[in-house]
Amino acid sequence: MRITEKDNNIILEEMESFDIEQILECGQCFHFEQLDVKEYVIVAKRHLLHIKQINDQIIFFQTSMETFHTVWRPYFDLDRNYNEIKSWLITNEKTLLNRSAELEKAITEYGGIRILNQDFFETLISFIISQNKQIPHIKQIINTISIKYGDLAGEICGKSYYHFPTLLQLAKVTENELRLCKTGFRAPYIVDACEKLLKEIVLESRLLHADSNQTMEELMLIKGVGIKVASCVALFSLSQRNVFPIDVWVKRIMEKIYFEKETKKEEIASLAKQLYGSFGGYAQQYLFYYARENNIKVDER
DNA sequence: GGCCAGGGGGTGT
DNA sequence: ACACCCCATGGC
């Protein structure tokens with residue numbers, strides 16, 4: 001990785017395993033907007049980022065060296081060696097025994113994915129909202145909530161962007177107000193999440209030191225948080241990279257690769273743990289993106 | 001353990 | 001125009 005500063009922009013070069021489009025469009029985050037091909041605005045970590053990738057050159061517009069190192073370097077997981085992870089996922093003894101051309105293709109074609117280290121509160125609420133919804137709609141709702149209840153983050157190309165509200169800001173919003181943001185039956189779940197966080201029944205600082213089973217158990221105290229939502233929160237905002245969230249797409253692609261028939265999520269989770277071990281979260285992202293991009297359907301099992 | 005509601009936009013026909 | 005689907009969960 002080579003980092004240079006020019007005209008108040010940071011230019012990142014020689015960065016392996018980094019494709020800004022794959023990183024943002026793989027479904028792990030929702031608070032961003034595409035401006036052009038591989039050019040995006042991201043609102044995250046109480047900062048606003050205008051970023052563009054041209055081949056192997058990644059430009060962080062109007063970003064100081066300090067902000068790059070303290071905010072974006074950890075956010076984009078830049079200090080992790082993804083080549084080692086990808087290579088291990090394909091060549092460990094378990095995956096060699098159950099070789100899959102599709103897993104290998106997923107990792108090769110979508111090898112530019114990185115798992116972002118996102119904000120805990122925003123990730124929790126975002127994945128509560130995500131249930132039974134499509135990505136464009138999730139993005140729209142998060143945008144509406146941010147504009148109505150969050151602080152102004154800044155302006156890029158003449159357009160204003162807003163932070164996702166903090167816990168204290170969102171805790172003041174009523175269930176009915178949340179319904180007006182098209183959250184539907186998830187509105188009381190969001191209210192319950194804010195209450196449990198305020199009462200410290202669920203506490204981020206405790207989860208950061210917990211293992212993934214304890215984390216899931218604590219997160220699932222919140223109404224509307226089941227295994228899928230809890231595992232996304234653990235993976236995307238608590239650095240628990242062993243968890244393997246199973247949604248309809250991952251279920252389909254796992255069934256196609258390893259089972260060739262309809263299979264219970266518990267059984268899929270058990271196999272994923274055996275095959276991918278502590279790198280389950282990475283495998284899940286490659287497989288999810290592969291399944292969605294190739295529109296894997298049930299009858300293709 | 002299986003079934004179904006609950007909002008509303010996406011997508012295909 | 002219309003049916004079916006969606007990064008699920010709670011509650012029966």
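Every chain is numbered from 1 and lettered A, B, ... according to where its sequence line falls, protein lines coming before strand lines.
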Any link between [X] and [Y] through a network of hydrophobic side chains (Ile, Leu, Val, Met, Phe, Trp, Tyr) touching at under 4.5 Å?
X	Y	value
A/I59	A/V41	no
A/V229	A/I135	yes
A/F30	A/Y162	no
A/V233	A/L208	yes
A/L271	A/L97	no

Tell me the interatomic distance from [X], atom [atom1], to [N], atom [atom2], rounded to whole angstroms.
X	N	atom1	atom2	result
A/L124	C/dT9	CG	P	12 Å
A/E267	B/dG1	CD	P	13 Å
A/F127	C/dA8	CZ	P	10 Å
A/I190	B/dG6	CD1	P	18 Å
A/K182	B/dG10	NZ	P	12 Å
A/F185	C/dG11	CZ	C1'	13 Å
A/K265	B/dG2	NZ	P	14 Å
A/I129	C/dT9	CD1	C1'	15 Å

Q: Hydrophobic side-chain clustering at under 4.5 Å (ILVMFWY, transitive links): who's grouped with A/I10? Put none if nobody.
A: A/M1, A/I3, A/L12, A/M15, A/F18, A/I20, A/I23, A/L24, A/F32, A/Y40, A/I42, A/L49, A/I51, A/I58, A/F60, A/M65, A/F68, A/V71, A/W72, A/Y75, A/F76, A/L78, A/L116
Atom [atom1] of [X]: over 12 foreign heavy atoms under 6.0 Å:
X	atom1	answer
A/N98	CG	yes
A/E14	CD	yes
A/E217	CD	no

Q | Those residues of residues 270-292 of chain A lying under 4.0 Å from DNA chain C by at least one heavy atom | A | A/F288
Q) Among residues 210-225 of chain A, which contact DNA chain C at a heavy-atom distance under 4.0 Å? A) A/I222, A/K223, A/G224, A/V225
**Q.** A/S64-A/T67 side chain donor-acceptor pair, cut-off 3.5 Å
**A.**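 The answer is yes; a qualifying pair exists.
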Using the [atom1] atom as the point on both nucleotides, what is the distance between [M] and [N], in whole Å?
N	M	atom1	answer
B/dG9	C/dG10	C1'	23 Å
B/dC4	C/dC5	C1'	16 Å
B/dG7	C/dG11	P	15 Å

Q) Parallel, tilted or perpendicular: which describes the rings of A/Y82 and A/Y282, with under 30° parallel and over 60° perpendicular? A)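 Ring orientation, 0 to 90° scale: perpendicular.
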Using a cut-off of under 3.5 Å, enumerate the N/O to N/O pairs linking the protein to nucleotides 11-13 of chain B.
none

Q: Applying salt bridge (Lys or Arg N to Asp or Glu O under 4.0 Å), run through A/D192 and A/R186 and close with a yes or a no.
A: CA-CA 10 Å; A/D192 189 59; A/R186 303 156 196 82; over 6 Å; no
Q. If you look at every strand shown and take non-hydrogen atoms under 4.0 Å, does A/I227 touch a base, only sugar-phosphate, or nothing?
A. sugar-phosphate
Q.
So A/C29, base contact, sugar-phosphate only, or nothing? Heavy-atom distance under 4.0 Å.
A.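 No contact.
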Q) From the list B/dG9, C/dT9, C/dA8, which nucleotide is the closest neighbour of the side chain of A/D247? A)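 Closest nucleotide to the A/D247 side chain: C/dA8.
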Q.
Before you tell me yes or no, could you show the steps for A/E262 and A/K251 under salt bridge (Lys or Arg N to Asp or Glu O under 4.0 Å), namely the whole-Å CA-CA distance, both residues' side-chain angles and the distance that decides it to 0.1 Å?
A. CA-CA 9 Å; A/E262 173 129 48; A/K251 186 170 184 289; 3.2 Å; yes
Q. Among all residues two or more places apart in sequence or in another chain, which pass the side chain to side chain contact (heavy atoms under 4.5 Å, CB included) test with A/S87?
A. A/T91
Q: Check whether any side-chain nitrogen or oxygen of A/R179 sits under 4.0 Å from OP1 or OP2 of B/dG7, and answer yes or no.
A: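 True: A/R179 side-chain N/O within range (under 4.0 Å) of B/dG7 OP1/OP2.
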Q | Stepwise side-chain hydrogen bond (donor to acceptor under 3.5 Å, both in side chains) test for A/D151 and A/Q169 | A | CA-CA 9 Å; A/D151 299 318; A/Q169 287 172 329; 3.0 Å; yes
Q) Can you give the dot-bracket line for DNA chain C, using ( ) for pairs inside the strand, [ ] for pairs that cross earlier ones, | for pairs with another strand and . for unpaired bases, where Watson-Crick and G-U count if both distances are under 3.5 Å? A) ||||||..||||
